[in-house]
Amino acid sequence: MKWTETLIPTLREAPSDAEILSHKLLLRAGLIRKLAGGVYTFLPLGLRVLRKVEQIIREEMDRAGAIEVLMPALQPREIWEQTGRAETAKGVLFKVRDGADREWFLSPTAEEVITTLAAHEISSYRQLPRNFYQISTKFRDEIRPRFGLMRAKEFIMKDAYSFDVSDAAAMASYQKMYAAYHRIFDRCGLQNFPVEADSGVIGGSHSHEFMVPADTGENEVVFCEACGYAANREKATSGVPGTAAREPGGAPEQFATPGVVTIEALSREPYGVAAHRQIKTLVYLVEDSPVLVLIRGDDQLNETKFSARTGGLTFRPATPEECVEILGARPGSLGAVRRVPAEVRVLADERLRGANDMTTGANEDGFHLRHVAMDRDVRVSDWFDLRTVAAGEPCVKCGQPLNIRRAIEVGHVFKLGTKYSEKLGASYLDESGARRPCVMGCYGIGVTRTLQAIIEQGNDKDGIIWPLSVAPYQVCLTPLQVAAGHPVMELAETLYRELTARGVEVLLDDRDERPGVKFKDADLVGFPIRVAIGEKSLARGQVEIKPRRGALLAVDCAAAVSGIMAQLQPPG
RNA sequence: CGGAGCGUAGCUCAGCCUGGCUAGAGCACUUGCUUUGGGAGCAAGACGUCGCAGGUUCGAAUCCUGUCGCUCCGACCA
């Protein structure tokens with residue numbers, strides 16, 4: 001391809017609405033353009049990279065035995081009603097109506113569609129296992145799209161769905177996808193690692209996210225360098241010690257704490273109650289029912305864990321007025337020792353188990369209670385792990401200190417069980433003729449997000465640095481004279497023909513621009529190899545091969561093609 | 001949806017506070033000349049409903065109200 005015959009609108013400056021580096025580079029290198037918030041056009045170069053990432057995914061999915069299909073983006077409302085997700089997923093669903101006023105959803109994912117297909121087409125254990133995948137445009141009405149392709153309203157996702165005869169067989173399918181994901185991200189040149197993850201609204205028992213470390217990532221990952229434990233912070237646990245028991249201090253005793261409404265204030269003189277000897281009492285409304293959450297004063301509630309445990313579709317912290325209504329006091333003086341209505345559920349964090357001589361609110365503004373023993377004085381409905389792990393806590397597996405870092409989630413694998421197959425009738429007859437629900441798994445890769453993650457991880461001050469495997473073109477030929485018939489241009493055209501004939505993807509920068517402009521643009525776009533052909537080097541009978549990441553190499557014209565081909569070999 | 005900020009040329013921005021002549025700069029674009037190994041120079045030119053709609057005023061890019069869009073923080077995130 002010749003530069004002047006395609007569209008590569010590079011920008012010297014980044015548009016002001018781009019915040020993070022990879023988003024700026026996507027725009028500056030002419031890969032994408034924004035149509036509206038969270039909605040982008042892929043320009044020729046961006047599309048080429050996208051196709052390469054897709055192809056890697058396709059090859060690895062095929063290798064793992066998955067079969068490609070293409071499902072509709074337009075999905076009838078009814079199947080979503082059947083699984084109950086018309087309600088639970090309504091926050092992200094784009095809804096459209098046809099001329100007959102029938103409601104349709106634009107596909108944010110396709111469990112309902114594929115399970116409906118399986119219900120029709122799979123009837124025997126002989127047809128299992130099966131794993132169907134597609135690469136297609138997905139729509140999610142993200143509340144706040146951001147960071148370019150990272151979180152968009154319309155994006156490209158690879159989604160796969162496995163159907164198995166049993167839990168054990170489903171686990172094997174899961175492992176296959178897990179391994180395939182590793183290969184996919186490795187081939188994309190990404191540092192990546194799987195972490196234990198929360199299953200969220202989609203449900204299921206077991207899930208891992210594939211993370212790419214990046215400071216701009218939206219996820220926090222807890223990991224242990226010693227043993228390899230890694231989990232999303234929403235899910236992570238640690239080996240923090242429980243709360244030490246003390247000599248019983250007698251019955252709960254109320255004392256005045258005027259104006260004290262924070263853990264921190266109570267820890268100061270004249271009270272001097274250490275944060276870890278306090279019980280923090282939070283009031284939430286889960287689908288309008290009040291729930292108390294007890295957590296140690298020095299811990300933070302993990303709302304994802306809380307939500308997973310309550311199983312409610314919606315929850316929110318109670319307002320101060322609602323706290324008064326429920327417990328008779330305002331936040332800052334709340335506790336679970338007295339005046340707790342019998343119908344209110346009380347969840348306590350495991351770390352409080354057996355704790356005594358604790359201090360907590362008295363449910364009377366301006367008063368606290370001391371000498372509180374969890375076992376004796378608090379009616380706990382359920383004990384759960386509800387706290388948020390902090391850096392430096394001992395690893396739950398090996399005891400070494402945990403670290404926390406930010407990362408981009410590029411893939412997510414779930415073991416789904418029979419949640420969808422039961423609701424949509426995807427079942428099979430086993431050897432004994434008994435009807436059983438298929439055991440499912442689902443597996444997603446954010447293709448467009450992966451593309452941006454590659455940029456986020458591969459760049460320097462001059463621009464993008466593409467791995468060979470996904471570069472829009474492997475080689476950029478940069479003749480410094482472009483007049484037809486000029487020896488420089490003639491050599492460039494010869495190299496272009498010879499490299500193309502060898503299957504190399506070459507972009508010929510035939511723009512009549514000054515050398516500096518061409519070099520800057522080649523660096524910005526990030527071609528793995530740039531070949532400069534100018535009068536000066538040609539006078540010595542040479543061309544210059546410049547790997548994007550590496551030193552310039554002058555080679556004889558006759559050896560140019562073989563020199564370039566050598567650079568294209570994978571290292572090692 | 002809560003909080004904050006921003007909408008002026010294709011892009012980056014100035015002008016706004018304190019209303020006033022023909023609305024500006026750099027880059028990009030067109031033409032010509034010069035230049036030609038890391039974002040050239042000179043000259044000429046084209047490009048604007050100052051987001052939109054109301055209002056105040058003799059007069060609004062500037063002040064007020066509403067509205068739409070964009071960005072950031074939060075909530076959300078299969």
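Naming convention: chains lettered A, B, ... in sequence-line order (proteins, then strands); numbering from 1 in each chain. In what follows, every heavy atom counts, from backbone to side chain, and hydrogens, waters and symmetry copies are set aside.
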Next item on the list: Please tell me which of A:Pro515 and A:Glu234 maps to the more 5' nucleotide of RNA chain B, matching each residue to the nucleotide holding its nearest heavy atom.
Entry: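 Upstream on the strand: A:Pro515.
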
Item checked: Position toward the 5' end of RNA chain B (nearest nucleotide), A:Glu409 or A:Gly38 ->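 Looking at the nearest nucleotide for each, A:Gly38 comes out on the 5' side.
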
Minimum-distance nucleotide (side-chain atoms of [X] versus [options]):
| X | options | answer |
| --- | --- | --- |
| A:Glu303 | B:rG38, B:rC76, B:rC29 | B:rC76 |
| A:Ile143 | B:rU71, B:rC29, B:rA75 | B:rA75 |
| A:Arg144 | B:rU36, B:rG39, B:rA75 | B:rA75 |
| A:Ala36 | B:rG39, B:rC73, B:rC70 | B:rC70 |
| A:Glu19 | B:rG39, B:rC72, B:rC76 | B:rC72 |
| A:Leu524 | B:rC72, B:rG38, B:rG39 | B:rG39 |

Note to self: Show me the pairs that pass salt bridge (charged side-chain N to carboxylate O under 4.0 Å, His left out) and involve residues 12-28 of chain A, at least two apart or across chains.
What the structure shows: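 Found A:Asp17-A:Lys34.
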
Using purine N1 to pyrimidine N3 plus N6-O4 or O6-N4 for Watson-Crick, or N1-O2 and O6-N3 for G-U wobble, both under 3.5 Å, which nucleotide pairs with [N]?
| N | result |
| --- | --- |
| B:rG74 | B:rC1 |
| B:rG59 | none |
| B:rG7 | B:rC68 |
| B:rU22 | none |
| B:rA28 | none |

Give a yes/no answer on whether the side chain of [X] brings an N or O atom under 4.0 Å of OP1 or OP2 in [N].
| X | N | answer |
| --- | --- | --- |
| A:Arg514 | B:rG39 | no |
| A:Arg12 | B:rA28 | yes |
| A:Arg146 | B:rC73 | yes |

Donor-acceptor contacts under 3.5 Å from residues 66-74 of chain A side chains, at least two apart:
residue	atom	partner	partner atom	Å
A:Glu68	OE1	A:Arg58	NE	3.0
A:Glu68	OE1	A:Tyr133	OH	3.4
A:Glu68	OE2	A:Arg58	NE	3.2
A:Glu68	OE2	A:Arg58	NH2	3.1

Checklist line | From CA spacing to verdict: salt bridge (charged side-chain N to carboxylate O under 4.0 Å, His left out), A:Arg405, A:Glu220 | finding: CA-CA 6 Å; A:Arg405 72 168 308 170; A:Glu220 288 184 311; over 6 Å; no

Notebook entry, point to check: How would you list, by chain and number, every residue that makes a side-chain hydrogen bond (donor to acceptor under 3.5 Å, both in side chains) with A:Thr448, sequence neighbours excluded?
Noted result: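 With sequence neighbours excluded, A:Thr448 shows a side-chain hydrogen bond (donor to acceptor under 3.5 Å, both in side chains) to no residue whatsoever.
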
Checklist line | All side-chain hydrogen bond (donor to acceptor under 3.5 Å, both in side chains) counterparts of A:Gln474, not counting sequence neighbours | finding: none

When all nucleic acid strands are considered with a 4.0 Å heavy-atom cut-off, which category describes [X]: base, sugar-phosphate, or nothing?
| X | answer |
| --- | --- |
| A:Arg449 | nothing |
| A:Tyr161 | nothing |
| A:Pro9 | nothing |
| A:Lys34 | sugar-phosphate |
| A:Arg33 | nothing |
| A:Asp523 | base |
| A:Gly37 | sugar-phosphate |

Next item on the list: Calculate the interatomic distance between A:Asp512 atom CG and B:rU30 atom P; express it in whole Å.
Entry: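 For the pair A:Asp512 CG and B:rU30 P, the rounded distance is 11 Å.
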
Margin query: Tell me the interatomic distance from A:Glu218, atom CD, to B:rG74, atom C1', rounded to whole angstroms.
Written below: 12 Å

Check: Under 6.0 Å between the ring centres of A:Tyr174 and A:His206?
Finding: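 A:Tyr174 vs A:His206: aromatic centres under 6.0 Å.
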
Checklist line | Test side-chain contact (heavy atoms from CB on, under 4.5 Å) applied to A:Glu513 - qualifying residues, sequence neighbours left out | finding: A:Arg511, A:Val517, A:Lys518

Checklist line | B:rU8 and B:rG3, which share atom name P, separated by this distance in whole Å | finding: 24 Å

Next item on the list: On the 0 to 90° scale, with breaks at 30° and 60°, tag the A:His23-A:Tyr40 ring pair as parallel, tilted or perpendicular.
Entry: perpendicular

Check: How would nucleotides 7-16 of chain B be written as a contact map, 5' to 3', with B for base contact, S for sugar-phosphate-only contact and - for no contact, using protein heavy atoms under 4.0 Å?
Finding: ----SSS---

Item checked: Heavy atoms from other residues, nucleotides or ligands near CG of A:Asp460 exceed 12 (cutoff 6.0 Å) -> yes

